[in-house]
Amino acid sequence: MPARPPRPRTRKVSVTVESAARTAPAAVIVAIDGPSGTGKSSTSKAVAAKLGLSYLDTGAQYRAITWWMITNEIDTDDPAAIATAAAKPVIVSGTDPHAPTITVDGLDAAGPIRTQEVTAKVSAVSAVPEVRALITQLQRDIAAAAPAGIVVEGRDIGTTVLPDADLKVFLTASPEARAARRSGELKGVDVATTREALLKRDAADSGRKTSPLAKADDAVEVDTTELTLDQVIECVVTLVEEKRAAK
Ligand SMILES: Nc1ncnc2c1ncn2[C@@H]1O[C@H](COP(=O)(O)OP(=O)(O)OP(=O)(O)O)[C@@H](O)[C@H]1O
Ligand SMILES: Nc1ccn([C@@H]2O[C@H](COP(=O)(O)O)[C@@H](O)[C@H]2O)c(=O)n1
């Protein structure tokens with residue numbers, strides 16, 4: 001008697017794929033923008049971790065290219081020199097919200113990009129159109145590859161990088177609140193000095209020609225001045241869940 005042929009498996013596989021598609025939530029793209037010290041990084045990381053999304057700190061990428069320019073003795077007051085060198089560094093961002101990483105030419109840049117020197121020079125470097133074009137493309141590629149979706153934070157995410165994001169949030173806070181928060185981190189720097197530095201960076205970022213810091217018309221504005229960080233996180237999680245439910 002001939003042996004019974006194996007049962008075809010095609011049907012079972014297709015049922016599994018169909019039911020997975022029915023139960024897995026669609027990838028969600030969240031853009032969080034706002035001035036310095038409004039809580040973008042803390043909020044975005046926590047929201048992404050809670051919802052199982054990837055996380056991208058775009059400020060870290062602009063800081064990374066600025067650090068490379070400084071290290072390679074490119075004059076950060078010379079836009080033409082910056083533009084010529086812009087494509088040279090290889091910037092790689094790790095998007096796990098529990099342990100975000102950033103490397104430049106294979107070197108861990110997480111520490112060096114947070115120095116006062118980088119902070120003072122990053123607005124000039126990030127204003128150069130060639131820098132923005134390269135970094136914007138990198139950000140779009142990272143967002144497109146995020147399996148469950150991503151929370152991307154910065155200054156121009158809702159307006160330029162991801163204009164079709166499912167949810168756009170624009171965080172604000174009074175200069176006093178932002179300076180007090182930052183001074184808590186920068187031991188030994190007084191609140192007034194921190195406030196002036198924040199406002200100077202905001203003015204440069206809002207005043208540049210190419211994709212300035214701005215609220216997208218369809219962004220939800222959240223003033224965090226009187227809110228705890230947990231309240232802001234909860235608010236954004238609720239907004240994302242509402243968008244997901246409506247998809
Ligand atoms: N609602 C809040 N209440 C109190 N402290 C907060 C709140 N949100 C953030 N912080 C604190 O303020 C500091 C700045 O927050 P964070 O780095 O998230 O801001 P940011 O908008 O990403 O700033 P930057 O654009 O300069 O990177 C952190 O120490 C953070 O813990
Ligand atoms: N989408 C973005 C994000 C950041 N920048 C520039 O980088 C600077 C550093 O950002 P932090 O969030 O790390 O403070 C910021 O001041 C901008 O100059 C940007 O241009 N676009």
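Computation of the quantities below employed the complete heavy-atom set of this structure, encompassing side-chain atoms and omitting hydrogens, waters and symmetry-equivalent molecules. Just follow the structure's listing: the first ligand is 1, and inside any ligand the first atom is 1.
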Presence of salt bridge, D33 and R155, under 4.0 angstrom: no

Side chain, backbone, both or neither: the part of A173 lying under 4.0 Å from ligand 1 by heavy atom: neither

Can an N or O of E153 be found at a distance shorter than 3.5 Å from an N or O of ligand 2? no

Is G39 close to ligand 1, meaning an N/O of one under 3.5 Å from an N/O of the other? yes

Give me the residue, atom name and distance of the protein heavy atom closest to atom 9 (C) of ligand 2. R201 NH1, 3.5 Å

Element-labelled atoms of ligand 2 that are located less than 4.0 Å from some non-hydrogen atom of D156: 1 (N), 2 (C), 21 (N)

State whether E176 and R181 are salt-bridged, where the test is any N-O pair (Lys NZ or Arg NE/NH1/NH2 against Asp/Glu carboxylate O) under 4.0 Å. no

Give a yes/no verdict on whether any heavy atom in Q61 is under 4.0 Å from an atom of ligand 2. no

Residues R132 and D156 bridged, charged N to O under 4.0 Å: yes

Among all protein heavy atoms in this structure, tell me which lies nearest to atom 4 (C) of ligand 2, with the distance rounded to 0.1 Å. G59 CA, 3.5 Å

Shortest reach to atom 3 (C) of ligand 2 by a heavy atom, considering only V122, L198, T58: T58

K215, NZ atom: more than 12 neighbouring heavy atoms under 6.0 Å: yes

If we only count N/O pairs under 3.5 Å, is T38 in contact with ligand 1? yes

Evaluation steps, salt bridge (Lys or Arg N to Asp or Glu O under 4.0 Å), between D218 and K168: CA-CA 7 Å; D218 52 349; K168 299 177 188 179; 3.1 Å; yes

Atom 5 (N) of ligand 2: closest protein heavy atom, distance to 0.1 Å, is Y62 CD1, 3.5 Å

With heavy-atom distances below 4.0 Å as the criterion, list the atoms of ligand 1 near P35. 21 (O)

Part of R63 with heavy atoms under 4.0 Å of ligand 2, whether side chain, backbone, both or neither: side chain

Is any side-chain N of the basic residue among E196 and K200 closer than 4.0 Å to the acidic one's carboxylate O? no

Is the closest side-chain heavy-atom distance between Y55 and S41 below 4.5 Å? yes

Would K40 count as a polar contact of ligand 1, with the cut-off being nitrogen or oxygen pairs under 3.5 Å? yes

For D205 and ligand 2, does the shortest N/O to N/O distance drop below 3.5 Å? yes

Nearest non-hydrogen protein atom to atom 30 (C) of ligand 1, with distance, is S42 OG, 3.5 Å

Can we say R114 and D57 salt-bridge, meaning some charged N sits less than 4.0 Å from an Asp/Glu carboxylate O? yes

At under 4.0 Å between heavy atoms, which part of R201 makes contact with ligand 1: side chain, backbone, both or neither? side chain

Students should be able to answer this: which protein heavy-atom is nearest to atom 28 (C) of ligand 1, and at what distance? E185 OE2, 3.0 Å

Would the distance check show the side chain of R63 and the main-chain N or O of V122 forming a donor-acceptor pair, the cut-off being under 3.5 Å? no

Only heavy atoms count here, so choose which of R181, R178, R182 is nearest to atom 24 (P) of ligand 1. R182

Just which atoms of ligand 2 are under 4.0 Å from any heavy atom in S126? 6 (C), 17 (C), 18 (O), 20 (O)

Is it the side chain (CB and beyond), the backbone, both or neither of R208 that lies under 4.0 Å from ligand 2, heavy atoms counted? side chain

For ligand 1, which atoms sit closer than 4.0 Å to a heavy atom of L227? 1 (N), 2 (C), 3 (N)

R155 versus ligand 1: do any nitrogen or oxygen atoms come within less than 3.5 Å of each other? yes

Hey, does G34 sit under 4.0 Å from ligand 1 if you only count heavy atoms? no

Within the side chain of T38, is there an N or O that forms a donor-acceptor pair under 3.5 Å with the backbone of P35? yes

Look at atom 2 (C) of ligand 2 and say which protein heavy atom is nearest, naming residue and atom and giving the distance to 0.1 Å. R155 N, 3.4 Å

Mode of T228 contact toward ligand 1 - side chain, backbone, both, neither (heavy atoms, under 4.0 Å): backbone

Determine whether any heavy atom of Q139 lies closer than 4.0 Å to an atom of ligand 2. no

Working to the nearest 0.5 angstrom, can you tell me the gap between I102 CD1 and T95 OG1? 11.5 Å

What protein heavy atom is closest to atom 21 (N) of ligand 2, reported as residue, atom name and distance in Å? R132 NH2, 3.0 Å

Provide the closest heavy-atom pair for L171 versus T43 in the form atom of the first, atom of the second, distance. CD1-OG1, 4.1 Å

Test side-chain contact (heavy atoms from CB on, under 4.5 Å), reference W68, set N72, T71, T66, output is N72

Mark up the atoms of ligand 2 that fall under 4.0 Å of a heavy atom belonging to R114, in ascending order. 13 (O)

Hydrogens and angles aside, do D230 and T228 bring a side-chain donor and acceptor to less than 3.5 Å of each other? no

Among T194, D190, T193, side-chain hydrogen bond (donor to acceptor under 3.5 Å, both in side chains) partner for S183: T194

Does one side chain, of S123 or D205, offer a donor that lies under 3.5 Å from an acceptor on the other? yes

